[in-house]
S.K.: 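One structure is given below, represented as structure tokens, and several questions about it will come after.
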Amino acid sequence: MPYWLMKSEPDVLSAATLQRLHQARWDGVRNYQARNFLRSMQADELFFFYHSSCSRPGIAGIGRIVRTAYPDPSALDPRSPYFDARASTVKNPWSAVDVEFVEAFAGIIDLACLRSAPGLAKLPLLQKGSRLSVMPVEAGEWAAVLALR
DNA sequence: GCCAACGTTGGC
DNA sequence: GCCAACGTTGGC
């Protein structure tokens, strides 16, 4: 079963907030490669919840996919920061998935920790210039991150 | 189809 | 706030 890593700015949605909400829509992805990964997700697949653009970027916990990709409503909402004037109900290029909370780590596994860990050298997150917000994680990488908790 | 200009991401 | 790196746009 594939594993994933998804980035979120904690100001928008943090792992702790997902824990409180139990479930949330993962929307606003506006990059085609990331969207294609969203579309390939299956129910019950797990992902690392990564906090980006914050004081301590890193992996904060684990979530699970509960609903596979469907047209992202935020693209159609003029009040949304993710609004896309080119999208319509008939033709919406963007996708969202629904996720649920699984686990919050006792502490953030920050970038320095990830970079120094064995077995994570190929993780797209750690590649120079990588900006993908949704990416696959190999089973070995998944285990390597879990070992850092 | 090329590519310069621009906007965005995201760590620091 | 800075800036490197990337994706997208749009003229040609």
Side-chain angles (χ1 to χ4, degrees), chain A residues 2-21 24-41 45-65 68-138 140-149:
Chain A
Y3 295 101
W4 306 96
L5 181 146
M6 300 210 278
K7 297 179 183 176
S8 176
E9 298 185 18
D11 290 349
V12 178
L13 178 69
S14 68
T17 301
L18 181 60
Q19 180 169 21
R20 183 166 47 77
L21 297 174
R25 170 182 292 152
W26 203 282
D27 60 8
V29 170
R30 293 294 178 268
N31 167 282
Y32 286 104
Q33 197 181 352
R35 180 209 66 181
N36 291 342
F37 284 133
L38 276 187
R39 290 183 176 179
S40 70
M41 291 174 172
E45 290 176 355
L46 299 173
F47 66 94
F48 285 131
F49 196 124
Y50 180 86
H51 287 177
S52 69
S53 296
C54 56
S55 59
R56 189 148 176 247
I59 297 175
I62 296 173
R64 180 188 289 119
I65 307 302
T68 56
Y70 57 96
D72 182 351
S74 71
L76 307 176
D77 177 4
R79 293 160 304 177
S80 168
Y82 306 123
F83 177 66
D84 181 352
R86 296 165 300 184
S88 68
T89 49
V90 180
K91 196 171 185 198
N92 185 344
W94 303 117
S95 298
V97 296
D98 289 350
V99 303
E100 70 178 2
F101 174 81
V102 173
E103 177 180 338
F105 296 158
I108 297 273
I109 303 173
D110 68 18
L111 278 174
C113 183
L114 292 169
R115 289 188 197 284
S116 65
L120 295 179
K122 288 168 62 185
L123 196 65
L125 177 77
L126 302 180
Q127 304 312 307
K128 182 179 173 68
S130 168
R131 301 191 322 196
L132 255 191
S133 62
V134 180
M135 69 190 74
V137 173
E138 300 293 323
E141 294 167 336
W142 183 267
V145 171
L146 292 184
L148 301 172
R149 285 178 297 179

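Numbers restart at 1 for each chain; the letters A, B, ... are given by sequence-line order, proteins then strands. Remember, it's a predicted structure, so these values are computed and weren't measured experimentally.
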S.K.: Check this for me, if you would: do A/Glu138 and A/Lys122 make a salt bridge, where the nitrogen-to-carboxylate-oxygen distance has to be below 4.0 angstrom?
M.R.: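 A salt bridge is absent here (no side-chain N lies under 4.0 Å from a carboxylate O).
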S.K.: Please state how far atom CD in A/Glu9 lies from atom C1' in B/dG11, giving the value in whole angstrom units.
M.R.: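 From A/Glu9 CD to B/dG11 C1': 12 Å.
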S.K.: Is the phosphate of B/dG11, meaning OP1 or OP2, less than 4.0 Å from a side-chain N or O of A/Tyr50?
M.R.: yes
S.K.: Check the angle between the aromatic planes of A/Phe48 and A/Trp142 and answer parallel, tilted or perpendicular using the 30° and 60° thresholds.
M.R.: parallel
S.K.: Roughly how many Å is it from CD in A/Gln127 to P in C/dG7, rounded to a whole number?
M.R.: 14 Å
S.K.: Measure CG/A/Leu126 against C1'/C/dA5 and give the value in whole Å, please.
M.R.: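 Value for this atom pair: 16 Å.
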S.K.: Expressed in angstrom and rounded to an integer, what is the separation of A/Leu5 atom CG from B/dG10 atom C1'?
M.R.: 14 Å
S.K.: Look at all strands and tell whether A/Arg86 reaches a base, only sugar-phosphate, or nothing, counting heavy atoms closer than 4.0 Å.
M.R.: sugar-phosphate
S.K.: Specify the separation, in whole Å, of atom CD1 of A/Ile59 and atom C1' of B/dG10.
M.R.: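 Distance, rounded to whole Å: 16 Å.
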S.K.: Please state how far atom CG in A/Leu111 lies from atom P in B/dT9, giving the value in whole angstrom units.
M.R.: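 After rounding, the reported distance stands at 18 Å.
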S.K.: Could you tell me whether the phosphate oxygens of C/dA5, OP1 or OP2, come under 4.0 Å of any side-chain nitrogen or oxygen in A/Lys128?
M.R.: yes
S.K.: Would you call A/Asp72 and A/Arg25 a salt bridge, using N to O less than 4.0 angstrom?
M.R.: no
S.K.: Rounded to whole Å, how long is the line connecting atom CG of A/Leu114 with atom P of B/dC12?
M.R.: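 So the CG-P distance, A/Leu114 to B/dC12, works out to 11 Å.
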S.K.: Check whether any side-chain nitrogen or oxygen of A/Lys7 sits under 4.0 Å from OP1 or OP2 of B/dG10, and answer yes or no.
M.R.: yes
S.K.: Which heavy atom of A/Trp4 sits nearest a heavy atom of A/Ser40, and at what distance?
M.R.: CH2-OG, 3.3 Å
S.K.: I'd like to know if A/Arg131 reaches the base of B/dT8 with its side chain, counting only an N/O donor and acceptor under 3.5 Å.
M.R.: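 Counting by modelled atom types and ignoring angles, a donor-acceptor contact under 3.5 Å is found here.
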S.K.: Any chance you could measure A/Arg79, atom CZ, to A/Ser74, atom OG, to the nearest 0.5 Å?
M.R.: 12.0 Å
S.K.: Taking only the side-chain heavy atoms of A/Asn31 (C-beta and beyond), determine which of C/dG7, B/dG11, C/dA5 contains the nearest atom.
M.R.: C/dG7
S.K.: Round to a whole Å and report the spacing from CZ of A/Arg115 to P of B/dC12.
M.R.: 6 Å
